[in-house]
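Here is the structure we will look at, set down as structure tokens.
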Amino acid sequence: MIQLDFYGTLVAASLVLLIGRMVVARTPLLRTFNIPEPVVGGLLVALILLALRQGMGFQVQFDLAMQTPLMLAFFASIGLSADFARLKSGGKMVGRFLLIVAGLLVVQNTLGISLAMLMGLDPLMGLLAGSITLSGGHGTGAAWSAVFQNEYQLASATELAVATATFGLVLGGLIGGPVANLLMRKVKAPGAEHNADDEPQGFEQPNQERLITQFSFIETLALIAVSLLGGTALGALIKGTPFELPTFVCVLFVGVLLRNGLETLGVHKVFEREVSLVGNVSLSLFLAMALMSLKLWDLAALALPIFVLLIAQATAMGLFAYFVTFRLMGRNYDAVVLAAGHCGFGLGATPTAIANMQAVTQRFGPSHLAFLVVPMVGAFFIDIINAITIKLFLALPFVGG
């Protein structure tokens, strides 16, 4: 057993990103299907660690204390990039995308429960391998698995939740690019239609040159820190109330208020390119740590029926994004990027969705609408809609009754 401390883990995560970048650069297939670099590097390291554990009993323990702050910093940067004027202009598209996402939740739970019953499994197992862990992620999975274990006596609910959420995180990062690649045959890339001065700044342009000074960077860092502090305090304040929200949603909300409040008062104008830089670095390191620390042996321990469930869910997600998300969101380039993002958080998490969309926009051009809509739905609304959907399915007599 090798125990890596904070610094060793940071070095390992940085190497994962460099390895992922090198492998993607030298592998045309990965570039063609827009597989995110953190996913490539993280999975490669996780597979190496699996082989070492199985073959030699060799294990590496990472210090993941920085993982949560990095995730929160990413969501703070999303909030600080949210202009109320842009949010207003995208309101109709946000509402439409939310309805599409709600439709997927119903599909995931219906498919999970139906397959579980066909294979003679507890329907709750199918529900747990549905929207709870896939659209909900590790946090929602951990919360509901405790309920299933304590109130419904579902054995190994926690282990199942962790494994399916992990599987979804991986698949969400793998299928978004191929889906987008297929859809790009139907639309025209916007790259040649924009002048450099007209292109919106932000997460869709992570490689754009950034003019940064030490003082402006400190200002941006201070805004990120205030968002983290205020969001964490807000999350603690509303915990246990009917208004309880995940901490990352609170951090994003504080970032939105901070950015628009300061600009309305004329105190400070957020430097979006700089915020984008901090957000991209945080996101990349977060994904690297999340994927390189995957315990793939937990997935290997799952029974074959559970793998059938998860493969079916991944297939359904890809088909849903291709035939439903793309068509209902406009059948244009923005719809392609949204479909790739939907694969990310429909199976994994919002950071995976952003990574999927970055991989597409780095190659084909910017999509400001997608980077506005996906974080809003993925951060603010998905947990609320998912909770309502889960409770409705639990009310069915053959599931929770």
Side-chain angles (χ1 to χ4, degrees), residues 1-24 36-78 137-139 141-142 158-159 161-163 165-167 169-170 173 206 214 217-218 220-233 235-236 246-248 250-251 277-301 348-352 354-355:
M1 169 72 74
I2 292 182
Q3 179 79 39
L4 292 183
D5 61 9
F6 176 89
Y7 303 108
T9 301
L10 180 59
V11 170
S14 301
L15 290 176
V16 163
L17 295 176
L18 294 175
I19 291 171
R21 185 177 184 85
M22 180 182 67
V23 173
V24 171
E37 295 164 1
V39 172
V40 173
L43 274 180
L44 183 59
V45 171
L47 287 170
I48 293 173
L49 293 178
L50 173 64
L52 290 174
R53 182 183 186 274
Q54 299 298 105
M56 304 169 56
F58 181 86
Q59 295 188 54
V60 177
Q61 189 73 33
F62 298 101
D63 182 349
L64 301 177
M66 195 169 57
Q67 189 174 345
T68 297
L70 285 170
M71 180 190 69
L72 295 179
F74 160 69
F75 281 105
S77 64
I78 288 287
H138 286 82
T158 301
E159 290 77 9
V162 171
T166 300
F167 185 91
L169 185 68
V170 174
Q214 68 182 79
F217 189 81
I218 290 173
T220 297
L221 202 58
L223 291 174
I224 296 284
V226 171
S227 298
L228 264 64
L229 180 64
T232 303
T247 302
F248 73 85
C250 297
V251 169
L277 174 62
V278 177
N280 283 313
V281 171
S282 300
L283 172 65
S284 296
L285 286 172
F286 165 76
L287 285 176
M289 290 183 181
L291 291 168
M292 74 183 187
S293 60
L294 287 179
K295 296 180 179 179
L296 293 179
W297 47 91
D298 287 342
L299 295 180
T350 303
T352 310
I354 299 297

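For Ser284, there are no side chain to side chain donor-acceptor pair (under 3.5 Å) partners two or more places apart in sequence or in a different chain. With sequence neighbours left out, Val24 forms a side-chain contact (heavy atoms from CB on, under 4.5 Å) with Leu30, Arg31, Glu37, Val40. For Ser282, the side-chain contact (heavy atoms from CB on, under 4.5 Å) partners at least two apart in sequence or on another chain are Leu70, Ala73, Phe74, Val278. Among residues two or more places apart in sequence or in another chain, the side-chain contact (heavy atoms from CB on, under 4.5 Å) test is passed with Leu229 by none. Judged as a side-chain contact (heavy atoms from CB on, under 4.5 Å), and not counting sequence neighbours, the contacts of Gln3 are Gln61.
To the nearest 0.5 Å, atoms CG (Leu44) and CG (Leu49) are separated by 9.5 Å. Atom CG of Leu287 sits about 11.0 Å away from atom CE of Met289, to the nearest 0.5 Å. Atoms OG1 and CG, on Thr220 and Leu277 in that order, are 9.0 Å from each other to the nearest 0.5 Å. Separating the CG atom in Leu50 from the CZ atom in Phe58 is a distance of 13.5 Å, to the nearest 0.5 Å. The CD1 atom of Ile48 sits 7.0 Å away from the CD1 atom of Ile19 when rounded to the nearest 0.5 Å. Residue Phe75 holds its CZ atom at 11.5 Å from OG1 of Thr247, rounded to the nearest 0.5 Å.
Nearest heavy-atom pair across Val16 and Ala288 is CG1-CB, 3.8 Å. Contact between Pro69 and Leu228 at its shortest, heavy atoms only, is O-CD2, 4.1 Å. The two residues Cys250 and Gly231 come nearest to each other via the heavy atoms CB-O, 3.2 Å.
The number of heavy atoms from other shown groups lying within 6.0 Å of CE (Met1) is above 12.
Between Leu285 and Pro38 the shortest side-chain heavy-atom distance does not fall below 4.5 Å. Using a 4.5 Å heavy-atom cutoff, the side chains of Gln67 and Phe286 are in contact.
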Residues 4-13, side-chain donor-acceptor partners within the protein, below 3.5 Å, at least two apart:
from, atom 1, to, atom 2, distance (Å)
Asp5, OD1, Tyr7, N, 3.3
Asp5, OD1, Gly8, N, 2.8
Thr9, OG1, Asp5, O, 3.0
Thr9, OG1, Asp63, N, 2.9
Thr9, OG1, Asp63, O, 3.4

